[in-house]
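One structure below.
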Number of protein chains: 2
Amino acid sequence: MPNGAQALMKTLVDAGIEVCFTNPGTSEMHFVAALDLEPRMRAVLALFEGVATGAADGYARMAGKPAATLLHLGCGLGNGLANLHNARKGKVPVLNIVGDHATFHAPFDAQLQSDIETVARNVSPGFVRTSRRTDELCRDAVEAIAAARGLPGQVATLILPADVSWGDGGVPCPPPLPPRPEAADDAVVAAIAQALRSGRRAALLLGGQALREPALLAAARIAAHCGVKLLAEVFPTRLERGAGLPAVERIAYLAELAGVQLANVEHLVLVDAKAPVSFFAYPGKASDLVPPSCTVHTLATPAQDALASIEKLERSLGADGARPALQPGARPGRPRGRLTAEKVCKAVGHLLPENAILIDEAITSGLMLGPFTAGAPRHDLITLTGGAIGQGLPNAVGAAIACPDRPVIALIGDGTAMYTIQSLWTLARERLDVTAIVFNNASYSVLNVELERVGAERIGPKARAQLDLAAPRIDYAQMAQSMGVDGVRATTAEEFVRALERALATPGPHLIDAMVPQSLSGLKRRLLPWLLRSLPGLPPAVARALKRKIAP
Amino acid sequence: MPNGAQALMKTLVDAGIEVCFTNPGTSEMHFVAALDLEPRMRAVLALFEGVATGAADGYARMAGKPAATLLHLGCGLGNGLANLHNARKGKVPVLNIVGDHATFHAPFDAQLQSDIETVARNVSPGFVRTSRRTDELCRDAVEAIAAARGLPGQVATLILPADVSWGDGGVPCPPPLPPRPEAADDAVVAAIAQALRSGRRAALLLGGQALREPALLAAARIAAHCGVKLLAEVFPTRLERGAGLPAVERIAYLAELAGVQLANVEHLVLVDAKAPVSFFAYPGKASDLVPPSCTVHTLATPAQDALASIEKLERSLGADGARPALQPGARPGRPRGRLTAEKVCKAVGHLLPENAILIDEAITSGLMLGPFTAGAPRHDLITLTGGAIGQGLPNAVGAAIACPDRPVIALIGDGTAMYTIQSLWTLARERLDVTAIVFNNASYSVLNVELERVGAERIGPKARAQLDLAAPRIDYAQMAQSMGVDGVRATTAEEFVRALERALATPGPHLIDAMVPQSLSGLKRRLLPWLLRSLPGLPPAVARALKRKIAP
């Protein structure tokens with residue numbers, strides 16, 4: 001009869017969980033020992049738990065099913081918490097397996113003893129369970145898997161005491177039934193159809209599952225039929241885009257801009273998305289971005305079948321024969337001269353390979369990524385769903401393991417790169433086809449913007465120093481090399497383009513340390529013209545107000 | 001009238017909190033802006049929260065008073081949790097200031113919204129408070145500071161919503177009264193004195209405050225007078241040791257060895273220490289390491305005055321005139337030949353400067369550090385109190401800031417170094433006199449021991465790979481250079497000694513990448529003779545049993 005860990009291993013792979021991102025300690029050694037009994041389970045070691053949890057997040061976004069993590073007690077879970085938060089906010093399924101002391105050891109309050117369930121509730125409000133008996137472990141695991149991959153997806157945490165793991169009498173369990181979400185009911189669909197037919201300005205706000213091709217096409221047919229606007233949530237979990245797919249306009253991060261995007265909308269229809277709110281709060285500004293005159297409708301909640309709901313709406317409107325507007329193919333030219341963040345984005349658009357996975361954690365530096373890749377070959381875009389920086393590199397690990405035949409390009413701000421820089425080692429160890437681009441502007445650039453936006457006055461040198469990464473300026477190329485990743489530095493656009501061409505043509509992981517200037521005024525200068533271009537129909541009064549706000 | 005953040009800044013420095021280890025985001029921008037109004041406050045930026053919290057821990061251990069941390073919402077706290085756990089277990093005072101969304105923003109469940117209090121309770125069971133009003137913020141802060149620096153010291157968490165920070169009407173508060181702990185009461189002292197006079201084998205187990213010079217001297221006088229043994233807790237928060245100080249024997253990490261140390265003790269007297277328990281649980285082994293025949297007495301709890309209690313016991317025994325045994329000065333010779341972990345420890349003992357701060361997170365590689373530095377010039381030893389690896393480098397940041405005139409040497413295992421490797425950047429930025437030594441054995445070496453100790457059978461290649469950091473082998477010298485720290489690699493003892501001499505003679509941070517072999521059998525081979533030497537009076541049957549266990 002298998003021990004608990006051995007039975008658990010079989011139960012996991014039978015349920016389709018075939019990858020485990022690990023950072024184990026003593027209490028997880030029986031789980032580790034059981035790995036060799038299951039050829040179907042791939043274990044990927046991370047040198048920091050935030051890498052493991054972020055990789056599980058990235059894996060699930062691309063594989064469409066959860067991976068497991070293996071974490072060491074409360075502290076290991078703590079280290080992995082930020083990226084689990086991002087997964088939670090993105091409604092991404094993850095199964096955490098958190099090792100714990102043997103049940104009989106807990107009362108002794110040994111060094112690593114802490115309240116794991118308490119920490120877990122932060123990211124797993126829907127499922128936290130400490131398995132208490134070896135013969136019930138696999139049943140607990142199956143319930144955790146069912147919770148994780150239910151709709152909406154969530155982070156489920158199974159706490160595994162060492163003696164439950166090593167105990168004899170494990171009983172493997174069959175996989176849980178797949179979730180069977182329902183479509184929006186008829187009355188809801190009819191009411192929304194009526195609103196869309198009313199002739200008033202309307203928009204569909206798509207999120208979650210509604211940003212994948214079939215739902216996008218249905219939404220685009222509705223748009224073509226009724227003239228509604230297609231919006232996407234500000235930070236999509238996974239957005240299919242590029243040439244040949246319908247284009248959607250993402251809600252802007254800056255509340256001021258989102259306000260402009262939503263200003264004239266009278267009916268806002270949510271499809272697996274929440275009504276837009278400001279990312280942060282600011283003195284004297286509203287958190288809710290929906291204009292008071294706008295009516296919000298929910299076509300599909302995250303617990304419902306977004307595609308079926310939108311197709312139902314399409315039929316109800318008679319839009320199923322409409323011809324959706326599709327993004328034409330177009331690439332920007334080859335950038336030249338002194339390297340800037342904008343030129344990095346341009347080069348990515350210029351060279352983006354077919355079927356790439358693009359991970360955007362570039363913060364201020366990625367401002368132009370959207371426009372420059374809009375007409376590039378079709379690709380998936382992964383974004384920072386929970387705002388906890390340090391997601392991008394671990395996501396790249398997981399995405400590359402989920403999709404070994406697809407190139408992964410991760411664009412990372414230098415501030416954010418450092419939180420989970422240990423990802424580079426796992427990229428090298430697993431020889432993953434990932435190109436990481438670090439925007440080395442030696443600054444927490446976004447905070448320079450935020451420092452002004454929150455109305456902080458009298459900004460002195462100590463405050464400025466808190467946002468400044470210039471002394472010493474980190475050499476990311478050398479950092480990559482120290483962990484076995486091919487790393488190069490680029491200071492001109494030509495160097496960058498050559499480095500990116502070489503990285504995309506050569507198997508294995510690469511890092512390009514893109515030396516770009518940081519300039520708040522430059523950011524504003526670039527931002528405003530782009531905004532005025534990309535938000536057509538901006539009323540002149542709003543444009544003037546925006547101009548005062550953004551570039552006073 | 002100051003805003004909340006400005007009033008808080010004044011309250012902090014008035015209470016002696018003069019250093020803040022920061023990793024801020026938008027919600028903390030008013031706190032950041034207030035830094036420039038207070039010349040007494042030093043802000044030290046970290047690029048990852050675990051560095052900030054571990055630095056606050058190391059600072060407080062050496063400064064004897066808390067620093068503040070500045071963390072960004074629940075995810076920032078999560079990233080800092082592991083080192084706060086170590087501080088909690090070491091009873092080290094830390095004041096966490098965790099920024100939060102504005103109170104009016106919370107209901108909108110924006111991207112970074114999460115339940116911060118829930119996470120905080122894991123490390124701050126004694127004090128978690130969300131400040132709700134600007135005019136009450138400083139009162140909340142003073143209560144948090146009082147909680148943090150009370151006896152025992154603890155991690156107090158003050159959650160600071162952005163609008164409470166930016167709101168007008170902050171009211172600075174005077175500092176809290178210092179804690180006034182009491183000594184053990186007369187009856188307890190009398191009962192313990194009687195036990196020590198009984199002629200039975202007894203030991204004082206010293207922990208916490210009892211490992212500082214005055215308490216050590218009093219304990220050593222008692223030992224000289226009554227013949228009791230002096231033991232120290234397994235992982236001291238801060239142990240004063242070296243030539244001229246009383247030597248104490250630390251309880252061993254391996255439960256098998258701790259059992260030997262405690263085997264004949266009939267009275268165990270706890271002084272700011274808990275009764276020893278096994279670090280982890282193992283199948284068929286007891287968690288409690290105190291022999292059944294031993295009576296445990298508590299002279300001073302962590303909430304009492306350990307020094308006053310031990311001096312009271314000393315007087316009650318009439319031991320105050322006794323002459324304590326003091327460690328004679330002695331250094332090992334200069335190591336030669338192929339580099340091993342043992343030779344690194346030997347070189348540290350050979351060269352340790354006067355008044356150094358030694359940080360030991362070397363795990364298996366540091367086995368010989370204790371014996372080789374026992375007779376070196378007096379120094380402080382800081383150890384991994386909570387078992388959450390990644391403490392050592394951040395502790396070095398904090399210790400160097402607390403004691404700018406003392407050399408800091410941090411010995412770090414390569415597995416542990418990676419968790420908070422971002423510490424190197426802060427070392428460089430602050431130009432701290434820290435020498436970090438990384439034992440590069442390309443392995444989670446301790447887990448190879450633990451894998452066998454937990455009784456895991458049939459260990460296959462996938463399991464072994466989970467403990468193996470060899471492919472690719474990390475170049476820590478290059479890693480250090482990438483973050484502006486002088487980094488060199490040493491592969492022979494001669495190279496290592498030269499590198500250490502140079503590092504100690506040259507201001508600023510240094511890292512030595514010590515290339516050492518990893519060999520489980522080697523570890524066992526070295527361990528056993530040392531044990532048999534260093535545990536005199538080992539009954540032959542125990543020695544034989546030990547030999548079977550450790551080197552079968």
Side-chain angles (χ1 to χ4, degrees), chain A residues 22 24 26-27 29-30 32-33 35-36 43 45 47-48 74-75 78-79 81-82 85 89 101-102 105 108 110-112 114-115 118-119 121-122 162 166 277 279-281 283 287 386-388 418-419 422 428-429 450-451 454 456 459-460 462-463 466 471-472 474-475 478-479 481-484, chain B residues 22 24 26-27 29-30 32-33 35-36 43 45 47-48 74-75 78-79 81-82 85 89 101-102 105 108 110-112 114-115 118-119 121-122 162 166 277 279-281 283 287 386-388 418-419 422 428-429 450-451 454 456 459-460 462-463 466 471-472 474-475 478-479 481-484:
Chain A
T22 71
T26 297
S27 36
M29 283 298 104
H30 283 86
V32 167
L35 286 170
D36 285 284
L45 179 63
L47 299 187
F48 173 68
C75 298
N79 280 338
L81 211 65
H85 170 88
K89 291 292 183 163
H101 284 313
H105 197 57
F108 293 95
Q111 284 81 353
L112 274 164
S114 81
D115 181 350
T118 268
V119 181
R121 269 183 212 106
N122 179 266
W166 76 52
V277 302
F279 199 93
F280 287 110
S287 296
M418 287 301 287
Y419 288 77
Q422 307 91 341
R429 173 159 149 130
E450 296 291 8
L451 195 57
V454 298
I459 299 161
K462 279 162 76 180
Q466 294 298 302
I474 295 170
D475 186 330
Q478 198 176 25
M479 172 90 76
Q481 290 160 18
S482 76
M483 288 183 258
Chain B
T22 69
T26 298
S27 36
M29 283 298 104
H30 284 85
V32 166
L35 286 169
D36 284 283
L45 178 63
L47 299 188
F48 173 68
C75 297
N79 280 338
L81 211 67
H85 171 89
K89 291 292 183 164
H101 284 313
H105 196 58
F108 293 94
Q111 285 81 352
L112 274 164
S114 82
D115 182 350
T118 268
V119 181
R121 270 183 211 106
N122 179 266
W166 77 49
V277 302
F279 198 93
F280 287 109
S287 296
M418 287 302 286
Y419 288 78
Q422 306 89 342
R429 172 158 149 131
E450 297 290 7
L451 194 57
V454 298
I459 299 162
K462 279 161 77 180
Q466 294 298 303
I474 294 169
D475 186 330
Q478 198 176 25
M479 172 90 76
Q481 290 160 19
S482 76
M483 287 183 258

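Note on naming: letters A, B, ... go to the chains in the order of the sequence lines (proteins, then strands), and numbering restarts at 1 for each one.
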**Message:** Nearest 0.5 angstrom please: A/N79 CG to B/N79 CG, how far?
**Reply:** 7.5 Å
**Asked** Counting distance only, does the side-chain N/O of B/D36 pair as donor-acceptor with the main-chain N or O of A/A463 below 3.5 Å?
**Response** yes
**Prompt:** Can you find a heavy atom in the side chain of B/L47 that is under 4.5 Å from one in the side chain of A/Y419?
**Reply:** no
**Toward chain B, the part of A/A388 with a non-hydrogen atom under 4.5 Å** = both
**Request:** For chain A, find which of B/A110, B/A162, B/G484 contributes the most heavy-atom pairs closer than 4.5 angstrom.
**Result:** B/A110
**Prompt:** So do the side chains of A/F279 and B/T26 get within less than 4.5 Å of each other, counting heavy atoms only?
**Reply:** no
**Prompt:** Is there a donor-acceptor pair closer than 3.5 Å between any side-chain N or O of B/N122 and the backbone N or O of A/V119?
**Reply:** no
**Request:** Please state whether the side chain, the backbone, both or neither of B/L45 comes within less than 4.5 Å of a heavy atom of chain A.
**Result:** both
**Asked** Quick one: does A/K462's side chain have a donor or acceptor within less than 3.5 Å of a partner on B/A33's backbone?
**Response** no
**Request:** Indicate yes or no: at least one non-hydrogen side-chain atom of B/Q466 is less than 4.5 angstrom from one of A/M29.
**Result:** no
**Nearest-0.5 Å distance that lies between atom OG1 in B/T118 and atom CZ in A/R121** = 7.5 Å
**Item:** Most chain B-contacting option - heavy-atom pairs closer than 4.5 Å, from A/G386, A/A471, A/A102
**Value:** A/G386
**Winner by heavy-atom pair count (cut-off under 4.5 Å) against chain B, out of A/G387, A/A281, A/C75, A/G78** = A/A281
**Asked** Is there a donor-acceptor contact under 3.5 Å from the side chain of A/H85 to the main chain of B/Q111?
**Response** yes
**Message:** Working note: A/M418 + B/F48, criterion side chain to side chain contact (heavy atoms under 4.5 Å, CB included); need CA distance, chi angles, decisive distance, verdict.
**Reply:** CA-CA 7 Å; A/M418 287 301 287; B/F48 173 68; over 6 Å; no
**Message:** Do B/Q481 and A/D475 make a side-chain contact, defined as non-hydrogen atoms from C-beta onward lying under 4.5 Å apart?
**Reply:** no
**Asked** Looking only at heavy atoms, what is the nearest atom pair of B/H105 and A/S287, with distance?
**Response** ND1-OG, 2.6 Å
**Request:** State the OG-CE distance between B/S482 and A/M479, to the nearest 0.5 angstrom.
**Result:** 4.0 Å
**Closest approach of B/M483 to A/P472 (non-hydrogen atoms, all atoms of both residues)** = O-CG, 3.3 Å
